[in-house]
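For reference, the structure is listed below as structure tokens.
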Number of protein chains: 2
Amino acid sequence: MNPTIKDVARLANVSYSTVSRALANRPGVNEATRCKIIRAAEELNYRPNAIARGLVRGQTLSMGLIIPDITNPFFPEVHRGIEDGARESGYSVFLCNTNWERERETHYINLLIEKRVDGIIIAPISDTVDKIEEELKSNIPVVYVSNLPPKTDRSCVAIDNIRGGFLATKHLIESGYREIGFIGAPEGSFSIDQRLEGYKLAFRKYGMKLDQRFICFGDFKRETGYRIIKRMIEEGIYPRAIFAENDLMALGVLQGVKESGLSVPGDIAVVGFDDIPFASFPEVQLTTIRQPKYEMGKMAVQLLLNDIRASNNGLRKELSCRKIILEPELIVRKTG
Amino acid sequence: MNPTIKDVARLANVSYSTVSRALANRPGVNEATRCKIIRAAEELNYRPNAIARGLVRGQTLSMGLIIPDITNPFFPEVHRGIEDGARESGYSVFLCNTNWERERETHYINLLIEKRVDGIIIAPISDTVDKIEEELKSNIPVVYVSNLPPKTDRSCVAIDNIRGGFLATKHLIESGYREIGFIGAPEGSFSIDQRLEGYKLAFRKYGMKLDQRFICFGDFKRETGYRIIKRMIEEGIYPRAIFAENDLMALGVLQGVKESGLSVPGDIAVVGFDDIPFASFPEVQLTTIRQPKYEMGKMAVQLLLNDIRASNNGLRKELSCRKIILEPELIVRKTG
DNA sequence: GAAAAGATTGCAAACGTTTGCTATTATTAC
DNA sequence: GTAATAATAGCAAACGTTTGCAATCTTTTC
């Protein structure tokens, strides 16, 4: 169907290995011949078959990115960084969205390995990491991003979530709040556990006592933030401030508070996490902890490319493993 | 590096063609042998090389999706629909984000063709369509989504943008507004031109005169909506209502209006387009035109799969071409 | 018990490239 | 003009699968 290198060779009246060399700009082919070949290729509208090339080269110049939720604006930003970084090095990115479904995650890992991408970047669903490592028994380079398994010998990049949680809570405490709730994803989620740890750290540092009634676990979705605060308010037992584990949930909390006729931050202050674009909208003005999303993506690619190079050189993966922990930043706006 | 089918064959003590048949669950292989082979494959942690398979099969069971802006929540929703639809048919999706850069668009088209995806879904940057068609001289199945070239013999799916523009404007007119502005992307953008046409249609129908000062072209970004309305207000020449060509721009307009000390909809009413999730937030409550994003994605895959099947059967592409135009829906909230 | 039929397995070509090696041709040096 | 060298082009193997066909082995049939 598609013209092959042999069609070009026939038209240009040379052998197909010469065509290959000419089109790849490799030395050792006469300039006149090269021109003739290029013309022939253009005439036939020839596109090299990357699949065949990948087979013999043993590399595909592509990488996979597995994220849990493409509709959370956090991830598109990370993706942009990854894509830009990849392109600069001639790589392209296969984006896979798992929709928070464990089964999709393993599906995509396998798919990417079978497609022989050169490496994978994963923002894992936390409780699947053992499963992931099981699937990954191929020695394909992998870097974790954003949500890091506490112990891993792989390269990874994320922010200091403990510090992020600490900063958010500290800010609320210093603003005078004492009853500060935490709304997060299910326990066992890496980054969230750390943010919670930071939260507890702040309590300890200021000599305050935790109130378990105000620590709630849900998932990562806006609706959940909304539901949780709604229920709290209806039951009449709610804190004076909320540290939500991501901006989406914080937005849900905002909605719940306002729908209940209460005000933010007057009745309930809210601090989020991530600093997605919508957090800075004038209607929202969400106080939050900023993650350098785009930069995280860019760094993740660099780590992955490093690992890929290392594995091509036959280095053991421990040697190339590098961990990058970035600084979170408190952004004070109007909600807390 | 990775185990191949031959390694499995050696371990199971059979020929590698038998391994291929056994693992593909093809008939004609003894049950005992099959078990032995499966065990061997598991022991070696064998993953078939999809690249090699693609080469001989002449299909990759993958498709490309090219979108201009992954940070506009409209597209992730479409993507979800496409991915879900693709997965149901055993396909996987290569998402490419062009960032509104023409050069990236052609880059990705070429890349996808070279990677021999089985088909491509494109939400094109409008003024690149001729270029796209030029690049596409391969006979790969392609369907356009969301932003359709006015004349194309390819399958495509989008909403009725003229009607969408008409509905939005009609709503504003019937709400009593007379000075209604339009903020859109650069002229020549397909879907936008149509929305503008719907806007003009409404003016005509209600016997109103267009005011060219209130028709502005920018791009698709929030900042642009913000900038345009800010400038208008500063110059003191601004309409009483704005129909913004997408929700992102509408949100920018909202911001600009409020920052200028004016109120929405009191001083300026705003209607958007798309109905992205944030439009329904209580802080925003944006009146808008809903596009069935997820469904559009799902339909686009169906069209593409159709075209792929047709092209496998050697049908001419005109035969399989189908166009789906969906109904837009007016969602009245608080901004207009 | 032999022939026929069916089940199972293996052989080898094909997919479209890249690339090491060899063969040919052109150029240079003497 | 010949030998040595450099430049160019071609041959063929390799990458890891799938699959049509042939070969072998087992079972059935009469």
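In what follows, chains carry the letters A, B, and so on, assigned in the order in which the sequence lines appear, proteins first and then strands, with residues in each chain numbered from 1.
- Across all strands shown, B:T4 has heavy atoms under 4.0 Å from sugar-phosphate atoms exclusively, and none from any base.
- Comparing B:N13 and B:A52 by the nucleotide of DNA chain C that holds the closest heavy atom to each, the one mapping nearer the 5' end is B:N13.
- For the residue pair B:N147 / B:S126, a side-chain donor-acceptor distance below 3.5 Å is found, with atom types taken as modelled.
- Partner of B:F220 under the ring-ring contact (aromatic ring centres under 6.0 Å, His included) criterion, out of B:F74, B:W100, B:F75: B:W100 alone.
- For the pair B:I5 CD1 and C:dG10 C1', the computed distance is 13 Å after rounding to whole Å.
- Between A:Y16 atom OH and C:dT19 atom C1' there is a gap of 11 Å when expressed in whole angstrom units.
- Phosphate contact (OP1/OP2 of D:dT17, side-chain N/O of B:Y46, threshold under 4.0 Å): present.
- A salt bridge does not link B:D69 with A:R80: every distance from a Lys NZ or Arg NE/NH1/NH2 to an Asp or Glu carboxylate oxygen is 4.0 Å or more.
- Distance B:L44 CG to D:dG16 C1': 15 Å, rounded to the nearest Å.
- In this structure, CD of A:E31 is placed 15 Å from C1' of D:dA9, rounded to the nearest angstrom.
- Taking only side-chain nitrogens and oxygens, B:S20 comes nearer than 4.0 Å to OP1 or OP2 of D:dT18.
- When the P atom of C:dT24 is taken as reference, atom CG of A:N30 falls 19 Å away, rounded to whole Å.
- Mapping B:P48 and B:R21 onto DNA chain D by nearest heavy atom places B:P48 closer to the 5' end of the strand.
- Between B:T33 and the phosphate of C:dT9, there is a side-chain N or O to OP1/OP2 separation shorter than 4.0 Å.
- Between B:P27 and A:R26, the residue anchored closer to the 5' end of DNA chain C is B:P27, taking for each the nucleotide with the nearest heavy atom.
- A:R34 and A:N25 share a side-chain donor-acceptor pair at under 3.5 Å.
- A:L23 has its CG atom 10 Å from the P atom of C:dT17, to the nearest Å.
- The CD atom of A:Q59 sits 17 Å away from the C1' atom of D:dG16 (whole-angstrom rounding).
- With rounding to whole Å, B:R57 atom CZ is found 12 Å from D:dT17 atom P.
- Between C:dG10, D:dT17, C:dC21, one nucleotide has an atom nearer to the side chain of B:R53 than all others, and that is D:dT17.
- For the residue pair A:N2 and A:R47, no side-chain donor N or O sits within less than 3.5 Å of a side-chain acceptor on the partner.
- At the phosphate of D:dG10, OP1 or OP2 sits under 4.0 Å from a side-chain N or O atom of A:T18.
- Judged by distance alone, with hydrogens and angles left aside, A:R116 brings no side-chain donor or acceptor close enough to the base of D:dG16 to form a pair under 3.5 Å.
- Contact of A:S15 with D:dC11 (side chain to base): no donor-acceptor pair of N or O atoms is detected under 3.5 Å.
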